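Dumping the structure here so I can ask a few things about it.
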Protein chains: 2
Amino acid sequence: MPSPPRARRKEDARARILAEARHIVLEQGFEALTMRRIAEAAGYSAAALYLHFENREAIARELGESGMHSLLKALTEAAASADEPVKRLRALALAYVGFARIEPETYRLIFMEPSFAASALGGKDEAGAAAFQLLAGAFEALDRAGRLRPGQDLGGLALTFWILLHGTVSLKLTCSAFLSPPEEDLLAAALDSLLNGVLAPEPMGSKQPER
Amino acid sequence: MPSPPRARRKEDARARILAEARHIVLEQGFEALTMRRIAEAAGYSAAALYLHFENREAIARELGESGMHSLLKALTEAAASADEPVKRLRALALAYVGFARIEPETYRLIFMEPSFAASALGGKDEAGAAAFQLLAGAFEALDRAGRLRPGQDLGGLALTFWILLHGTVSLKLTCSAFLSPPEEDLLAAALDSLLNGVLAPEPMGSKQPER
DNA sequence: ATGTTCACTAAACATTGTTCATAAATTGAA
DNA sequence: TTCAATTTATGAACAATGTTTAGTGAACAT
């Protein structure tokens with residue numbers, strides 16, 4: 001049989017290296033992702049990895065980017081699963097939290113690693129921006145349905161929503177000992193408070209609540 | 001002059017090592033905190049550090065604990081600065097964000113490093129719990145003043161507040177390129193939304209908004 | 001066939017945390 | 001004071017990390 005062309009084999013090698021790297025991160029965590037371990041798992045010497053990737057960081061970056069695509073996919077499906085705007089918000093929240101639960105190390109890599117997030121969100125990879133647009137879209141739908149209080153900043157609301165999502169996930173990831181309730185409950189409560197408010201409405205005629 | 005007693009000198013050495021370590025973290029970031037660098041700055045060999053600390057991790061832990069005390073102090077002062085409950089909440093939020101702005105690396109160490117938060121918040125050091133109690137206390141004050149909607153879970157609200165604080169700070173820390181507004185503005189908007197709610201009140205007689 | 005490019009490896013380097021044998025300094029008692 | 005013991009510190013070494021380099025065949029194009 002004819003041996004596949006060189007370019008093809010090179011792509012295969014790249015893919016195999018990435019697959020093994022992903023496997024290691026999933027099984028043993030991000031800190032266990034060493035060049036020698038990846039190389040051994042892929043059947044190479046450590047030096048060979050540098051023929052396919054510039055860096056260890058480059059490998060991590062690709063892992064993060066593909067993780068971001070997974071997240072985007074999960075969010076897209078969630079957004080499509082509910083027409084009613086509030087239900088869509090909750091579906092998005094559940095999908096976000098679900099992704100972080102299934103791949104905590106990937107989430108950490110994308111959103112909590114010092115060096116990474118900048119290049120992932122600021123780079124030419126638009127998955128991150130697309131994911132955020134999904135959140136923003138849910139609030140636009142909420143607005144179109146007339147469900148929002150007047151004078152809301154839609155972009156600001158989407159940011160606040162993201163802050164809530166990320167706050168819940170990342171706090172649970174690092175301080176799980178201190179946070180007994182599961183992510184879903186934490187987030188559900190927070191989202192309820194956000195949507196319905198916390199302060200009691202002032203009786204008519206009294207002074208307005210501070211802003 | 002008599003040389004100070006041994007215990008005293010040993011304490012001094014410990015303190016000096018910690019001070020230099022803190023200096024390095026502040027100046028060059030947490031990743032630059034290597035044993036040899038600390039040792040050189042403190043005028044020791046690397047091996048000497050192990051006479052005063054079990055680990056590099058032990059040094060980092062002490063830095064984190066003292067950082068947590070700083071945060072607790074800042075929050076305490078903020079809480080005392082405002083009697084009016086809503087203003088106290090905002091003061092706490094500003095203090096939290098301000099701490100993270102002044103010592104981002106310390107914040108990262110405490111709340112974003114994989115290994116750390118568990119031991120810092122779960123350990124016998126109560127600064128973390130005390131800090132959280134300050135947040136909870138603000139909501140209790142809010143409740144006592146009759147400013148809360150009926151049937152609110154005070155503990156849950158405090159958690160949500162913390163989630164908001166941490167979400168804002170940590171997202172800004174890792175995705176600053178994607179988040180143009182300063183932390184204070186992000187957090188102020190989020191807090192406004194949380195307190196006053198997002199959804200428009202339904203007209204009387206119609207069905208209740210989804211929960 | 002032959003020269004060139006490519007894929008790969010073994011070995012090495014610098015840097016990391018950590019340990020160990022050893023030496024110097026300090027201390028408490030004889 | 002003298003002397004043994006304890007404490008404090010060091011330099012060298014070890015294992016593991018990311019990365020670079022020289023060298024070696026194999027695959028390729030001509």
Side-chain angles (χ1 to χ4, degrees), chain A residues 1-25 27-64 105 109 113-116 119, chain B residues 1-25 27-64 105 109 113-116 119:
Chain A
M1 56 181 130
S3 82
R6 198 130 69 171
R8 162 81 180 166
R9 266 182 308 169
K10 178 135 186 174
E11 264 186 39
D12 282 359
R14 239 187 95 95
R16 194 152 39 95
I17 291 169
L18 274 178
E20 293 298 341
R22 187 173 295 115
H23 190 248
I24 289 171
V25 168
E27 300 274 309
Q28 309 173 243
F30 181 63
E31 56 163 11
L33 189 75
T34 73
M35 297 302 267
R36 284 172 175 84
R37 249 189 282 264
I38 302 172
E40 191 193 13
Y44 286 119
S45 76
L49 303 189
Y50 290 85
L51 302 177
H52 301 275
F53 298 90
E54 189 196 348
N55 260 343
R56 184 189 111 112
E57 197 189 331
I59 297 181
R61 193 185 321 133
E62 294 232 12
L63 288 187
E105 294 290 339
L109 174 59
E113 215 60 35
S115 55
F116 185 75
S119 61
Chain B
M1 55 179 126
S3 83
R6 198 133 65 175
R8 162 81 180 166
R9 266 182 308 167
K10 177 136 187 171
E11 263 186 39
D12 281 359
R14 240 187 93 95
R16 193 153 38 96
I17 291 169
L18 273 177
E20 293 299 340
R22 186 173 296 114
H23 190 247
I24 289 172
V25 168
E27 300 273 310
Q28 311 174 240
F30 181 61
E31 56 164 14
L33 189 75
T34 73
M35 298 302 268
R36 284 172 176 83
R37 250 190 282 264
I38 303 172
E40 192 194 13
Y44 286 118
S45 74
L49 302 189
Y50 290 86
L51 301 177
H52 301 276
F53 298 90
E54 187 197 349
N55 261 345
R56 184 189 112 110
E57 197 189 331
I59 297 180
R61 192 184 323 133
E62 294 233 10
L63 288 187
E105 295 289 340
L109 174 59
E113 215 60 37
S115 56
F116 184 75
S119 62

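Proteins get letters first, then strands, A, B, ... in listed order; numbering begins at 1 in each. Because the structure is a prediction, the values reported are computed rather than measured.
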Legend entry - Protein-nucleotide distance (A/Glu31, atom CD; C/dT16, atom P), rounded to Å: 19 Å
Legend entry - Euclidean distance, atom CG of residue B/Leu33 to atom P of C/dT15 [Å, nearest integer]: 17 Å
Inset, instruction - Kindly point out which of D/dA27, D/dG18, C/dT16 is positioned nearest to the side chain of A/Arg9? - result: D/dA27
Inset, instruction - Check whether any side-chain nitrogen or oxygen of A/Asn55 sits under 4.0 Å from OP1 or OP2 of D/dG18, and answer yes or no. - result: no
Inset, instruction - Evaluate whether atom CD of B/Glu11 has more than 12 neighbouring non-hydrogen atoms of other residues, nucleotides or ligands under 6.0 angstrom away. - result: no
Inset, instruction - Sequence neighbours left out, what pairs pass side-chain hydrogen bond (donor to acceptor under 3.5 Å, both in side chains) with at least one residue falling in residues 31-41 of chain A? - result: none
Inset, instruction - First locate atom CG of A/Leu51, then atom OG of A/Ser45, and finally report the distance between them rounded to the nearest 0.5 Å. - result: 8.0 Å
Legend entry - Minimum-distance pair of heavy atoms, taken over all atoms of A/Ala21 and A/Ile38: CB-CD1, 4.2 Å
Legend entry - Whole-Å distance separating the CD1 atom of B/Ile17 from the C1' atom of D/dT8: 11 Å
Inset, instruction - Write down the atom of A/Phe30, the atom of A/Glu105, and the distance for their closest heavy-atom approach. - result: N-OE1, 3.1 Å
Legend entry - Side chains of A/Met35 and A/Ile59 in contact at under 4.5 Å (non-hydrogen atoms): yes
Inset, instruction - Would you name the heavy atoms of B/Arg16 and B/Ala42 that are closest together and state the gap between them? - result: NH1-O, 2.6 Å
Inset, instruction - Would you kindly give the CZ-to-P distance between A/Arg37 and D/dT19, to the nearest whole Å? - result: 15 Å
Kindly give the atom pairs (protein nitrogen or oxygen, nucleotide nitrogen or oxygen) under 3.5 Å for nucleotides 4-7 of chain C.
unit_1: C/dA7; atom_1: OP2; unit_2: A/Lys10; atom_2: NZ; d: 3.2

Inset, instruction - Would you name the heavy atoms of A/His52 and A/Arg14 that are closest together and state the gap between them? - result: O-NH1, 3.1 Å
Inset, instruction - Whole angstrom is fine here: how far is it from CZ in A/Arg56 over to P in C/dT16? - result: 16 Å
Inset, instruction - State, with a plain yes or no, whether a side-chain heavy atom of B/Leu63 is found less than 4.5 Å away from one of B/Val25. - result: yes
Inset, instruction - May I ask you to say what B/Ile59 touches in the nucleic acid, namely base, sugar-phosphate or nothing, with a heavy-atom cut-off under 4.0 Å? - result: nothing
Inset, instruction - Identify which nucleotide among D/dG11, D/dG18, D/dT17 has an atom closest to any side-chain atom of B/Ser45, counting heavy atoms from C-beta outward. - result: D/dG11
Inset, instruction - Using whole Å, report how far CZ of A/Arg8 lies from P of D/dC28. - result: 15 Å
Inset, instruction - Could you state the atom-to-atom distance from OH of B/Tyr50 to P of D/dA13 in whole Å? - result: 18 Å
Inset, instruction - Please determine which of A/Glu20, A/Arg56, A/Gln28 meets the side chain to side chain contact (heavy atoms under 4.5 Å, CB included) test together with A/Leu33. - result: A/Arg56
Inset, instruction - For B/Leu49, answer base if it contacts any base atom (sugar-phosphate contacts may also be present), sugar-phosphate if it contacts only those atoms, and nothing otherwise; contact means non-hydrogen atoms under 4.0 Å. - result: nothing
Legend entry - Of the listed nucleotides D/dT10, D/dT17, C/dG17, the one nearest the side chain of B/Arg36: C/dG17
Legend entry - Rounded distance in Å - CE (A/Met35) to P (C/dT9): 13 Å
Inset, instruction - Have a look at the helix from C/dA1-D/dT30 to C/dA30-D/dT1 and give the angle its two end axes make, five pairs each, rounded to 10 degrees. - result: 10°
Inset, instruction - Look at the side chain of B/Ala47 and decide which nucleotide, out of D/dT10, D/dT17, D/dT21, has an atom nearest to it. - result: D/dT10
